[in-house]
**Q** 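Can you keep this structure in mind? I'll have questions shortly.
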Amino acid sequence: MTMSGRIFRAVAIIAIVSLSVSCTLISETLKTGGEQRLMKSAPPPKKQGPHVIVFALDGAVPAGLMEAVHSGHAPNMASLLGKDEGNGLFAHAYAAPHALSMLPSSTIADWSSVFTGEGPARNGVPGDEWFERETATFRAPVPVSVLDIEDNTKTVTDDLVGKELKVRTLYEMLGVRTYVSMQQVHRGATYYTTVSPSSFGDLLSSLIKGTLRGDEPEKSLSGAIDRGSADKLIQTIEDHGIPDLQVIYFPGIDIFTHVTPDPLASQIRYLEHVTDGVVGEVLDEYRKKGALENTYVIFISDHSHIPTLDDEQHQLGTDDEQSPFAVVAKARFRVRKASLLLDDTDKDYQAVLAYQGFMAYVYLADRSTCSHDGQRCDWKKPPRFEEDVVRVLRAFYRSNRVGRPIRKLKGTLDLIFARQPAAAGKAALPYEVFDGQNLISIHDYLIDHPRPDLPDLEERMESLSEGPYGNRAGDILLLARACMNIPIQQRYYFAAATHYSWHGSACDQDSHIPFILAQQGGSGEQMRSILRKFGGDQPSEKALTPLVRTLFNKE
Ligand SMILES: [Zn+2]
């Protein structure tokens with residue numbers, strides 16, 4: 001790697017680990033001891049009846065979680081679930097064997113679906129990054145193509161995700177006493193907590209010392225963040241009592257997996273040596289308060305992980321020469337710089353790219369509104385199909401097939417999607433597959449080209465692209481080659497940083513998530529009959545919202 005590449009990578013890693021850290025540094029919540037009361041009126045009194053805890057495990061791989069549970073090194077989770085009876089059934093729990101993420105399998109989009117019960121085309125939050133044509137605004141609550149962390153900060157200080165969501169959150173639907181620890185989706189919760197200033201100081205010094213890339217989960221910065229998440233919520237329970245619904249978010253699992261060699265095995269060690277302990281602390285707090293027996297416990301992740309090569313050869317970046325940005329420029333579009341905010345002189349762009357790891361969105365302007373340099377496009381207008389969309393489609397298709405105009409793109413893309421643009425203010429049409437000549441519905445394409453490695457592709461792409469906010473997923477969608485049935489040397493990812501693993505694709509591996517319903521001493525068969533009502537053995541992660549409503553008899 002070149003020196004500049006090394007520096008760039010160092011900056012990128014800092015940006016990634018800052019996901020939940022830097023934001024808390026300046027947040028109002030820290031000034032008040034890590035807790036914010038979000039409800040304007042008095043919090044509702046605690047109800048009689050069941051409690052629910054949702055452990056939101058960012059990036060947890062279901063097979064790895066099961067391995068940890070069976071290893072003997074995760075005693076808290078193992079004893080909660082009880083004896084494994086096979087096919088997802090445990091003595092006191094049911095783990096849906098084939099639960100699936102939404103698309104893209106990317107943090108902000110997925111948690112938004114989990115905690116609203118709606119897909120991106122309806123809830124308005126389609127990824128870690130996206131572009132809003134109506135206001136010509138680039139959003140990056142988790143930066144992937146950009147390095148700026150301001151939007152990530154705003155997820156804590158300014159409820160960025162809550163302001164973007166167009167539908168009610170689970171907390172608003174329930175109207176019960178809800179505590180949310182660190183989760184980006186917290187609009188409508190009673191209390192929202194983040195890590196404390198003192199633990200942040202420890203985290204920061206760990207980062208500077210470079211322990212982040214260490215192989216020991218216990219000493220990792222990620223582990224300190226996750227322990228902080230639990231500490232804050234326990235303090236809130238001590239101060240305000242047990243809530244009806246507790247959501248506790250662990251961002252560290254995902255961060256650790258991205259930056260650690262042998263990521264899938266490393267994550268198992270992390271789940272054993274960090275996650276299990278903090279789960280145990282939370283359960284102990286409920287036990288101490290005499291509330292555990294009457295509590296449903298849910299484990300769910302937003303997406304899983306696919307190992308990748310941590311080098312620039314497999315990274316599809318944002319440079320002018322060999323990246324997807326260069327493809328669009330070669331098709332004669334002025335491409336928006338990969339930066340959250342732009343100088344006024346850079347606002348004459350005609351194309352925007354937003355990255356999600358294994359997926360990328362390309363937004364195109366009607367260039368007849370901005371043909372001259374320096375002229376700003378009318379982004380409220382959709383692009384023209386032939387003159388704008390098809391030009392870029394062909395450039396990507398040819399680059400992927402024959403390496404022209406961009407050599408590095410050859411063999412990097414699995415599928416290219418596009419659709420006829422919808423008129424301004426109209427619901428977007430579902431994405432279709434581009435075969436080099438025509439757009440073909442995903443349904444018809446899959447009849448001729450079966451893809452069992454891309455489960456529920458048609459339904460999940462519809463949920464991302466078809467609807468009132470479907471245009472937030474771009475005019476063209478690129479899916480990188482990523483699935484586990486090809487060698488790691490043939491997997492590529494759209495990102496500003498190289499990592500040991502990525503997600504964001506439609507592949508079985510990173511789409512498959514843990515989704516477990518448990519009850520201390522309860523009946524696993526009963527857990528199974530409840531959870532199976534929400535999609536059999538293959539529930540979508542967005543079933544979390546109706547499931548929790550049912551547990552509170554609010555459905
Ligand atoms: Zn995530």
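These numbers were taken from a predicted model, which means no experiment stands behind them. These numbers come from the heavy atoms of this one structure, side chains and all, not from hydrogens, waters or symmetry mates. We're numbering straight along the sequence, starting at 1. We count ligands from 1, going down the list as the structure has it; atoms in each ligand are counted the same way.
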**Q** So, Glu172 and Arg187, do they make that salt bridge, N to O below 4.0 Å?
**A** yes
**Q** Answer yes or no: is there an ion pair linking Lys542 with Asp110, defined by an N-O contact shorter than 4.0 Å?
**A** no
**Q** Relative to each other, are the rings of His73 and His273 parallel, tilted or perpendicular (30° and 60° limits)?
**A** tilted
**Q** Taking both backbone and side-chain atoms into account, decide whether Ser106 has an N/O/S atom under 2.8 Å from the Zn ion (ligand 1).
**A** no
**Q** Any chance the side chains of Thr178 and Thr190 put a donor and an acceptor closer than 3.5 Å?
**A** no
**Q** Give the name of the N/O/S atom in Asp58 that lies closest to the Zn ion (ligand 1).
**A** OD1
**Q** Has Asp302 got an N, O or S atom lying less than 2.8 Å from the Zn ion (ligand 1)?
**A** yes
**Q** Below 2.8 Å, can you find an N, O or S atom of His303 next to the Zn ion (ligand 1)?
**A** yes
